[in-house]
Number of protein chains: 2
Amino acid sequence: MEKTVKRSKCPISCSLDIFGDKWSLLIIRDLMFFGKTTYGEFLKSAEGISTNILAARLQSLEESQLLIRTEHPDSKAKVLYKLTEKAVDLLPMIVEIHLWAEKHLTITPETRALIQEVKKDKEGFITKIMTKLSERI
Amino acid sequence: MEKTVKRSKCPISCSLDIFGDKWSLLIIRDLMFFGKTTYGEFLKSAEGISTNILAARLQSLEESQLLIRTEHPDSKAKVLYKLTEKAVDLLPMIVEIHLWAEKHLTITPETRALIQEVKKDKEGFITKIMTKLSERI
DNA sequence: TATTTGCACTTGCAAAATGCAAGCAAAAAT
DNA sequence: ATTTTTGCTTGCATTTTGCAAGTGCAAATA
């Protein structure tokens, strides 16, 4: 859990120290696009993260201030995770990953159609999503 | 070395299966921005990758067709690694990582100045670098 | 009120990935 | 002919990950 060790001062390296693993961006994706907000919902995602890894990643993302744990309005037993502005600002990067994947990987037709929409008005899409997310912070 | 196992059909997940680790993007960075092309040059980078990990990553990136091993013009003992178009197409994402890092992380003044330049004309910068890299493929 | 269920984790242990130091073969330099 | 450079590989300790089971608190149910 030594997320604090910076390997260099390079901005890419520092960024990877924060979210450069197989799971962190998927949790952010779940919050950003799929409206997931709880531990149990993250667990159900298709990739199948294990419980201890999810707990560790949530803690690390919280320490990096990419998300915050808040009280859930429905129940004290639940925890509501929210993206911070710092996390929402990752959207442009995530959009570029989509565009790259659409060009170079095998993508399902539905996903491809969606990404085509993004391509038509990238800035508009980013603004729309970021506005929506900002309202929830 | 099981890079072939896809966790889901999600484009982000598939992308992370390819370059979602602490080292792959740093090797691509070295090729993209620092003109490094050989094993020995990658080894010298500030982050200090170990020899076996570097060898494994180079192989995995080659398998993912993000780079190709070619003969070095200077010597048969050397291997010249080149970015593919698939890797060059990661530049917009890498630029967005820089912009995010400039906003949210502690960046050295020199790096910050450079990123400011990118911000003035993001498309122009990307086109410039991509053209330069494409000439070398 | 007692009991069961749901939720967010924690724990123990095996397996895999990483990191470090040393070694190694082919090519190049001396 | 010998040494150095280059791009790795190997062995082993450490760290991280993955899986299964368990825990404690809150909420729902009987």
Side-chain angles (χ1 to χ4, degrees), chain A residues 1-8 13 16-27 30-31 34-64 67-82, chain B residues 1-8 13 16-27 30-31 34-64 67-82:
Chain A
M1 207 81 64
E2 287 279 339
K3 277 277 184 176
T4 23
V5 183
K6 265 205 219 177
R7 292 173 294 170
S8 79
S13 168
L16 292 175
D17 287 341
I18 293 173
F19 57 76
D21 67 85
K22 295 249 177 274
W23 296 109
S24 295
L25 280 182
L26 296 184
I27 295 170
D30 285 348
L31 280 150
F34 301 150
K36 299 189 179 186
T37 55
T38 64
Y39 183 93
E41 287 172 326
F42 301 138
L43 260 194
K44 283 179 210 150
S45 291
E47 292 81 11
I49 191 170
S50 47
T51 58
N52 54 343
I53 303 297
L54 176 57
R57 285 288 155 267
L58 288 171
Q59 195 181 322
S60 140
L61 288 170
E62 197 190 359
E63 281 165 13
S64 304
L67 45 85
I68 34 168
R69 288 169 47 105
T70 66
E71 287 187 9
H72 201 287
D74 294 354
S75 153
K76 277 187 182 173
K78 290 188 180 183
V79 174
L80 178 67
Y81 287 96
K82 283 183 182 179
Chain B
M1 204 81 63
E2 288 281 339
K3 279 275 185 177
T4 24
V5 185
K6 266 205 214 175
R7 292 172 295 170
S8 79
S13 168
L16 292 175
D17 287 341
I18 293 173
F19 56 77
D21 66 86
K22 296 249 178 275
W23 296 110
S24 295
L25 280 182
L26 296 184
I27 295 170
D30 284 349
L31 280 149
F34 301 150
K36 299 189 179 186
T37 55
T38 64
Y39 183 93
E41 287 173 325
F42 301 136
L43 261 193
K44 284 180 208 149
S45 292
E47 292 83 11
I49 192 171
S50 48
T51 59
N52 54 343
I53 303 297
L54 176 57
R57 285 288 156 268
L58 288 172
Q59 195 180 320
S60 138
L61 288 170
E62 197 191 358
E63 282 165 13
S64 304
L67 44 84
I68 33 168
R69 287 169 48 103
T70 67
E71 287 188 8
H72 199 289
D74 293 356
S75 152
K76 278 188 183 175
K78 290 187 179 182
V79 173
L80 178 67
Y81 287 96
K82 284 184 181 180

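Per chain, numbering begins at 1; letters A, B, ... match sequence-line order.
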In whole angstroms, how far is the C1' atom of C/dC7 from the CG atom of A/Leu80? 14 Å

Output the rounded distance in Å from CD1 (A/Ile53) to P (C/dT10). 12 Å

Taking only side-chain nitrogens and oxygens of A/Tyr81, does any of them come within less than 4.0 Å of OP1 or OP2 of C/dC9? yes

Rounded to whole Å, how long is the line connecting atom CD of B/Gln59 with atom P of D/dG7? 16 Å

Taking only Watson-Crick and G-U wobble pairs with both distances under 3.5 Å, what dot-bracket line describes DNA chain D, where [ ] shows pairs that cross earlier ones and | shows pairs with another strand? ||||||||||||||||||||||||||||||

Does any N or O in the side chain of A/Ser64 come within less than 3.5 Å of the main-chain N or O of A/Ser60, such that one atom is a donor and the other an acceptor? yes

Just the rounded figure in Å: distance from P of D/dT15 to NZ of B/Lys22. 16 Å

Find the distance B/Leu54:CG to D/dC8:C1' and express it as a whole number of Å. 9 Å

B/Leu31/B/Leu67 under side chain to side chain contact (heavy atoms under 4.5 Å, CB included): CA gap, chis, key distance, verdict: CA-CA 10 Å; B/Leu31 280 149; B/Leu67 44 84; 3.7 Å; yes

Generate the contact string for nucleotides 21-30 of chain C. Rules: B means base contact, S means sugar-phosphate contact only, - means no protein heavy atom under 4.0 Å. BB----SS--

Rounding to an integer number of Å, can you tell me how far B/Ile27 CD1 sits from D/dG7 P? 13 Å

Measuring from B/Leu16:CG to A/Phe19:CZ, what's the distance to the nearest 0.5 Å? 10.0 Å

Ignoring hydrogens and angles, write down the donor-acceptor pairs under 3.5 Å from the side chains of residues 71-79 of chain A, residues two or more places apart or on other chains.
| unit_1 | atom_1 | unit_2 | atom_2 | d |
| --- | --- | --- | --- | --- |
| A/His72 | ND1 | A/Asp74 | N | 3.1 |
| A/Ser75 | OG | A/Ala77 | N | 2.9 |

If you take all heavy atoms of A/Arg7 and A/Ser13, which pair is closest and at what distance? NH2-O, 3.7 Å

Find out whether B/Leu54 and B/Ser50 are in side-chain contact, i.e. whether some heavy atom of one side chain is under 4.5 Å from a heavy atom of the other. no

I'd like to check the side chain to side chain contact (heavy atoms under 4.5 Å, CB included) partners of A/Ile68; sequence neighbours left out, ordered by chain and number. A/Thr70, A/Lys82, A/Thr84

N/O donor to acceptor pairs below 3.5 angstrom from side-chain atoms of residues 35-42 of chain B, sequence neighbours left out:
| unit_1 | atom_1 | unit_2 | atom_2 | d |
| --- | --- | --- | --- | --- |
| B/Lys36 | NZ | B/Glu41 | O | 3.4 |
| B/Lys36 | NZ | B/Ser45 | OG | 2.9 |
| B/Thr37 | OG1 | B/Glu41 | OE1 | 3.4 |
| B/Thr38 | OG1 | B/Glu41 | N | 3.3 |
| B/Thr38 | OG1 | B/Glu41 | OE1 | 3.2 |
| B/Tyr39 | OH | B/Thr51 | O | 3.0 |
| B/Glu41 | OE1 | B/Thr37 | N | 2.7 |
| B/Glu41 | OE1 | B/Thr38 | N | 3.1 |

Looking only at side-chain N and O atoms, does A/Trp23 come under 4.0 Å of OP1 or OP2 in D/dT16? no

Report the C-alpha separation of A/Ile49 and A/Leu26 in whole Å, then their side-chain angles, then the decisive distance to 0.1 Å, and conclude whether the side chain to side chain contact (heavy atoms under 4.5 Å, CB included) test is met. CA-CA 10 Å; A/Ile49 191 170; A/Leu26 296 184; over 6 Å; no

Specify the residues of residues 36-44 of chain B, ordered by number, for which at least one heavy atom lies under 4.0 angstrom from an atom of DNA chain C. none

Between D/dG7 and B/Arg69, is there an OP1 or OP2 to side-chain N/O distance shorter than 4.0 Å? no

Rounded to the nearest Å, what distance is computed from the CG atom of residue B/Asp21 to the C1' atom of nucleotide D/dT17? 15 Å

Hey, is A/Asp21 close enough to B/Lys22 for a salt bridge, meaning N to O under 4.0 Å? no

For B/Ser24 and B/Arg57 the tightest heavy-atom approach is OG-CD, 3.4 Å

Rounded distance in Å - CD1 (A/Ile49) to C1' (D/dA20): 16 Å

